[in-house]
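Every number for a ligand or one of its atoms is a count from 1 in the order of the listing.
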Amino acid sequence: VAHRLFQVDCYLWSSIMTLCLLHTQNTLTSFHLKPTLPVPPLQQTCEYYLAALTPIVDPEELNHTRKLLEEFQKPGGVGERLQKGLEQRTKKMENWLSDWWLQTAYLDYRMPVVVHSSPGVVLPRMDIFSLRYAAKLIAGVLDFKSMIDNETLPVEYLGGKPLCMNQYYQVLSSCRIPGTKRDTVVNYTLVKRPPTHITVVHNFQFFVLDVYNSDGTPLTIDQIYIQLEKIWNSSLQTNKEPIGILTSNHRNSWGKAYNNLIKDKTNKESVRAIQKSIFTVCLDAPMPRVSDDMYRTCAGVQMLHGGGSRWNSGNRWFDKTLQFIIGEDGTCGLIYEHAPAEGPPIVSLIDHVVEYMKKSEMVRTPMVPLRMPQKLRFHITPDIKKDIEEAKQNMNIMAHDLDMKVSVFSHFGKDFPKSQKMSPDAFIQMALQLAYYRIYKRCCPTYESASLRMFRLGRTDTIRSTSIDSDKFVKAMDDPNTEKVALLDKAVKAHRAYTDMAIRGQAIDRHLLGLKLQAIEDLAALPEIFMDTSYAVVLHFNLSTSQVPAKTNCVMCFGPVVPDGYGVCYNPMDTHINFAVSAFNSCQDTNAARLAQALEDALLDIKTLLEQTPKAKL
Ligand code: COA
């Protein structure tokens, strides 16, 4: 869900010090068979760029941009030169975009990963909290890991085409490392002796839990449970310094604090143990009680930031790629650091774990005594204490600022749009356009993530849901005298057509970014099209959206990407849709619950419209 490019300044690129995308021999069976990401034709991108601008900038601005684009595309001009540069890059690299994207969208991005980058996932609430549940969950993840280790993960498909599975190899045993100017990501599966432990955190205290026996077999659920009990019982004190909260800070501040923290040998070893661990399990303290209908929203907040320093924000290591969260009050979910992967691999891991947990029962195994899990020690100097206090304050400001609404739309799911021969995703996106238009009486730049995993090391591009056709539809919807259904049909088809372009590597956003970065790499003056107001406007995504489908009845959630925007994530199931809408309280003009309600109304109104219209009219 990374789309922070409006924040990207001009700078020179140095080589990326990330182990995570070094594709060694264990990176995948099917990986080398994938096609390489193409560079779309220059003229095509310029045409679609103008089309994308049409509903969101005024005609004068559009005219100005048209002229700049004509100049840019002239034979022998700047555009052609940069395009050739990109084409050269495709010959030298596995993927002309992925390193640039990792760096630009994630590792150079300096806002805290909390709320601003890391997505959370809300899982159904546990009936009663139990460490047995946690033990089963851990065993389920280890079961999934065995498929990664043996390279037996079934290859996924989109639109009938196999997908690159590389991201699955990046989510376990990896961690983001802060820097004072830019971060890195390290993947410890690629080291000589890959880790065999996870970390567990309870009451802000971290433990190393070895999850493999010396013969390489994973611990049984029973064994994990006993180890968790030992951890639980030796971390009952609640007065510990929340060292993990440091990871929630602005990246430059955390980078500085990190260098200070790891000056001490014990601290360095403890930090390294967390970074190297396969994943982290956060056993959270109970949050304030809420009514059942508020559960999902509160759980969304808990997954995204932990509730603030008084609650569970210190019970995390936010740099860790994968952290499962199990609350003493039954709350369940996870948070993941976004640099190594998108939501779909994370959610398919969850689907596997949930299935595993249904099947597996605790079987009493003969007990070989296991060592007490090692508690990680930290020496807190006055400077570190100061950094913790600063991180607490910033975390609490962020926690106050996040406005969240997680809801279930229970009237229909994918089934209804399918019955109308419409793409469910396009249908939902058009409802979202309508909801936004009804509130603001204007359309806004809208981002929807499109997978580029049909290509080697592919990540995402942008589906621009606000189109000339969506604009016509939303304006017509509340006007009694128009052919609404025909306009809806056209808008849905246009959205689906652009989706097909995007997943085939022909969308405009990453291409434009590539042309810009190529100019920077060439040390050439930045072309005017990138200094144009339209370019800033088109990247100001008031609606940042993503579909993350899952078999499990869960929903992913993430924060807005602009101060006056919304983050909207959804999991369309057959007969209902789970939505998570976020906004910032500091913005007077946005309100997550209001948009969620408008979205529900829009979905229902579109359904009524279609049901009232004879099929022949379509
Ligand atoms: N009539 C009937 N059925 C239709 C239809 C139509 N006109 N159009 C589509 N459908 C069906 C599809 O066959 C599919 O069926 P299934 O449920 O049996 O699989 C279903 O409806 C869903 O299709 P659609 O709603 O069009 O979406 P999609 O599954 O193709 O997904 C994207 C679209 C953009 C979400 C997907 O291409 C993508 O890129 N996903 C990755 C997103 C991502 O990375 N997010 C991560 C952010 S962290």
Side-chain angles (χ1 to χ4, degrees), residues 1-4 101 105-106 113 116-121 156-161 163-168 170-171 304 321 334-350 412-432 446-455 458-465 488-507 509-510 541 544-551 554-559 561 567-575 577 580 582 603 610 615 618:
V1 195
H3 17 110
R4 328 246 177 216
W101 181 244
Y106 300 106
V113 290
H116 298 283
S117 178
S118 298
V121 178
E156 293 170 329
Y157 287 81
L158 182 65
K161 294 262 169 41
L163 299 182
C164 174
M165 301 295 284
N166 176 60
Q167 290 183 28
Y168 283 94
Q170 312 302 337
V171 295
L304 280 185
T321 308
L334 64 86
I335 179 166
Y336 80 94
E337 200 291 299
H338 208 332
E342 263 67 60
I346 306 289
V347 161
S348 85
L349 184 151
I350 293 175
F412 59 86
K414 282 193 284 187
D415 52 356
F416 178 72
K418 280 188 186 177
S419 74
Q420 300 294 310
K421 310 245 171 316
M422 288 181 170
S423 146
D425 186 67
F427 185 97
I428 295 166
Q429 285 288 333
M430 289 312 111
L432 198 46
T446 307
Y447 181 110
E448 183 193 353
S449 354
S451 176
L452 286 179
R453 285 175 55 210
M454 276 185 196
F455 304 99
R459 296 292 301 259
T460 57
D461 206 325
T462 311
I463 303 165
R464 290 196 162 263
S465 309
L488 166 69
D489 192 47
K490 205 163 169 225
V492 163
K493 285 187 174 132
H495 187 85
R496 187 59 238 183
Y498 195 79
T499 299
D500 284 332
M501 270 183 67
I503 60 177
R504 283 171 178 74
Q506 298 295 320
D509 279 73
R510 303 299 183 266
F541 291 110
S544 163
T545 76
S546 186
Q547 178 189 147
V548 182
K551 294 194 187 97
C554 63
V555 66
M556 189 165 271
C557 36
F558 48 78
V561 297
V568 182
C569 196
Y570 49 95
N571 173 13
M573 310 211 51
D574 286 339
T575 56
I577 310 169
S582 64
L603 285 163
L610 286 168
K615 281 272 183 291
L618 266 173

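A donor-acceptor pair under 3.5 Å is absent between the side-chain atoms of R459 and the main chain of W101, judged by distance alone. Between the H338 side chain and the A341 main chain, a donor and an acceptor come within less than 3.5 Å of each other.
Every atom of ligand 1 with a heavy atom of D425 under 4.0 Å away is listed here by number and element: 24 (P), 25 (O), 27 (O). Which parts of ligand 1 touch L158 is read off a 4.0 Å heavy-atom cut-off, strictly below it: atoms 37 (O). Under a 4.0 Å criterion applied to the non-hydrogen atoms of K421, ligand 1 contributes the atoms 1 (N), 6 (C), 7 (N). Those atoms of ligand 1 that come under 4.0 Å of a heavy atom in S451, given as number and element, are 38 (C), 39 (O), 41 (C). Near A450, meaning under 4.0 Å from any of its heavy atoms, are these atoms of ligand 1: 39 (O). Of all atoms in ligand 1, numbered sequentially from 1 with element shown, those under 4.0 Å from a heavy atom of G343 are 46 (C), 48 (S). Remark: ligand 1 atoms within the under-4.0 Å shell around heavy atoms of I463 are 34 (C). Every atom of ligand 1 with a heavy atom of T499 under 4.0 Å away is listed here by number and element: 34 (C).
For the residue pair T460/E342, the side-chain donor-acceptor check at 3.5 Å is not satisfied. No hydrogens or angles considered: nothing links the side chains of Q429 and D425 as a donor-acceptor pair under 3.5 Å. A donor-acceptor pair shorter than 3.5 Å cannot be found between the side chains of E448 and Q547. Between the side chains of T446 and R464, no donor-acceptor pair is found at a separation under 3.5 Å. Y168 and S348 share a donor-acceptor pair across their side chains, judged by distance under 3.5 Å alone.
Residues D489 and K493 form a side-chain contact, since some pair of their non-hydrogen atoms from C-beta on lies under 4.5 Å apart. Put simply, the side chain of S546 does not reach to within 4.5 Å of the side chain of Y570, judged on heavy atoms.
By the 4.0 Å heavy-atom criterion, E448 is counted among the residues contacting ligand 1. Distances shorter than 4.0 angstrom occur between a heavy atom of H338 and an atom of ligand 1. The shortest separation from a heavy atom of P344 to ligand 1 is under 4.0 Å, placing the residue in contact. Between Y336 and ligand 1 there is a heavy-atom distance shorter than 4.0 Å.
Below 3.5 Å of separation, one finds an N or O of S546 facing an N or O of ligand 1. Note: an N/O pair closer than 3.5 Å links P424 and ligand 1 by distance alone. Here's the thing with S423: one of its N/O atoms is less than 3.5 angstrom from an N/O atom of ligand 1.
By heavy-atom distance, the residue among H495, K414, M454, K418 lying nearest atom 18 (O) of ligand 1 is K418.
Interatomic distance, M165 CE to R453 CZ, rounded to the nearest 0.5 Å: 6.0 Å.
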